[in-house]
There are 2 protein chains.
Amino acid sequence: MKMSSGVEWALHSCVTLSQSHEPVPAARLAELHGTPPAYTAKHLQALSRAGIVHSTMGQVGGYTLTRPASEISALEVVQAIDGDEPAYRCAEIRQRGPLGIPSERCSRPCAIARAMTAAQDAWSRALAQLSIADLAVDIDADSNGTAMPDIRRWLTTTRS
Amino acid sequence: MKMSSGVEWALHSCVTLSQSHEPVPAARLAELHGTPPAYTAKHLQALSRAGIVHSTMGQVGGYTLTRPASEISALEVVQAIDGDEPAYRCAEIRQRGPLGIPSERCSRPCAIARAMTAAQDAWSRALAQLSIADLAVDIDADSNGTAMPDIRRWLTTTRS
DNA sequence: TTCTCTCGGATATTTTCTATCCGAGTTCAT
DNA sequence: ATGAACTCGGATAGAAAATATCCGAGAGAA
């Protein structure tokens, strides 16, 4: 049970985008984060499909957040990249084998599946109550308030 | 982020083993659950390595639980099969790129990694407070009290 | 109108998971 | 005591998924 490495890039990208009201190209995000340009772009496309970022084509195009960073949860980003299907998928073992239970008697999910669903719900709640804006604040605090200004400055001044 | 399908087989196997004080061979568990025999055996070996089940060799050998089912958590079984390393592994993006933070300034983990760790902890807690005995009770209740007696009867009477 | 720069989906490569087989070791019956 | 049958255990192929990449389609600026 491991998460795609793209999740990390996507979350960092969203935090970066929260610092810019102008479109930021995928190649620029990849350069800032030191990640493979083409693969980073692919993950941003997933964010676009999920409605988290908006893509602008053309010469001064790039990606922008579709909503305020405080209204985008970390869970949305994770699900956009890693998929929204639960980690545990019940194969209905209880219906198989010599003691298999007929399906008409299986109205509610298996007890094991219920436990796994409850655990995943706890995981989801923890990420749902955390916004991209919260992450930006935390990252900025870790650097004594220099990280976000540095990003804003780099985005506006530096040109490849 | 998906969990190995062997987790489901392992949990069902542990519930079944909790109904027998005599060793149950891997092939028998596979037959009962309708799962691939060889692959089921491989997962039981993982449980053995984790100290959850004890293997007995020889003609009347098989697997038994090393502890009472009430003292074996679902989390232990999941970690034995799926591995105990966290789903999110921070690649330290904050240290890379033109705005990379020197490693000596990264005493605590990245804010994103902290959030992911907190989410995984919530998930782990939900599974840690659930025992194999609890699962057996729940599964039995779903069948109006017929499932566990049926398993005990099948284990003692049926012979391949 | 032309050109440059952007995103988007289709395409190879690597890694992981799934599934299987055969040998080492142990116990029971003779 | 001996032999035979049954068990687990690790090493071995095959399939699926994730990783990483490239090139074409589309939009805006000059």
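Computed from a predicted structure; not experimentally measured. Chain letters run A, B, ... following the sequence lines, proteins first and then strands; every chain starts at 1. For the numbers below, each heavy atom of this structure counts, side chains included, while hydrogens, waters and symmetry mates do not.
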Return the minimal non-hydrogen interatomic distance between A:Cys106 and A:Ile101, and the atom names on each side.
SG-CG2, 3.9 Å
Minimal heavy-atom distance between A:Thr146 and A:Asp140, with the atoms involved, is N-OD1, 3.8 Å
With a 4.0 angstrom cut-off to heavy atoms of chain B, pull out the first and last contacting nucleotide of DNA chain D, in 5'-to-3' order.
D:dC6 to D:dA17
Its contact letters, B for base, S for sugar-phosphate only and - for none at protein heavy atoms under 4.0 Å, make nucleotides 11-17 of chain C read -----S-
Any non-hydrogen side-chain atom of [X] less than 4.5 Å from a side-chain atom of [Y]?
X: A:Ile151; Y: B:Leu99; result: yes
X: A:Val78; Y: B:Met116; result: yes
X: A:Leu11; Y: A:Ile132; result: yes

Please identify each residue that fulfils ring-ring contact (aromatic ring centres under 6.0 Å, His included) with A:His12, with sequence neighbours left out.
A:His33
For the residue pair A:Asp134 / A:Ser131, report whether a side-chain donor-acceptor contact shorter than 3.5 Å exists.
yes
Could you give the [atom1]-to-[atom2] distance, from [X] to [N], as a whole number of Å?
X: A:Leu47; N: C:dC7; atom1: CG; atom2: C1'; answer: 14 Å
X: B:Gln45; N: C:dT20; atom1: CD; atom2: C1'; answer: 12 Å
X: A:Arg28; N: C:dC7; atom1: CZ; atom2: C1'; answer: 16 Å
X: A:His54; N: C:dC7; atom1: NE2; atom2: C1'; answer: 11 Å

Salt bridge (charged side-chain N to carboxylate O under 4.0 Å, His left out) filter on A:Arg67, not counting sequence neighbours, yields A:Glu76
Base, sugar-phosphate, or nothing: which does A:Gly62 touch, judged by heavy atoms less than 4.0 Å apart?
sugar-phosphate
When we call it a touch if two heavy atoms are under 4.0 Å apart, what does A:Ala27 touch: a base, just sugar-phosphate, or nothing?
nothing
Under 3.5 Å between N/O atoms: give me all the protein pairs with nucleotides 26-30 of chain C, atom names plus distance.
from   : atom 1 : to      : atom 2 : distance (Å)
C:dC28 : O4'    : B:Gln59 : OE1    : 3.1

Take B:Tyr63 and A:Pro37, find for each the nucleotide of DNA chain D with the closest heavy atom, and name the residue whose nucleotide sits nearer the 5' end.
B:Tyr63
Counting only heavy atoms from other residues, nucleotides and ligands, does the tally under 6.0 Å from CZ of A:Arg114 exceed 12?
yes
Could you tell me the separation between the CG atom of B:Asp138 and the CD1 atom of A:Ile112, rounded to the nearest 0.5 Å?
10.0 Å
Residues which pass side-chain contact (heavy atoms from CB on, under 4.5 Å) with B:Glu92, listed by chain and number, not counting sequence neighbours:
B:Cys90, B:Arg94, B:Gln95
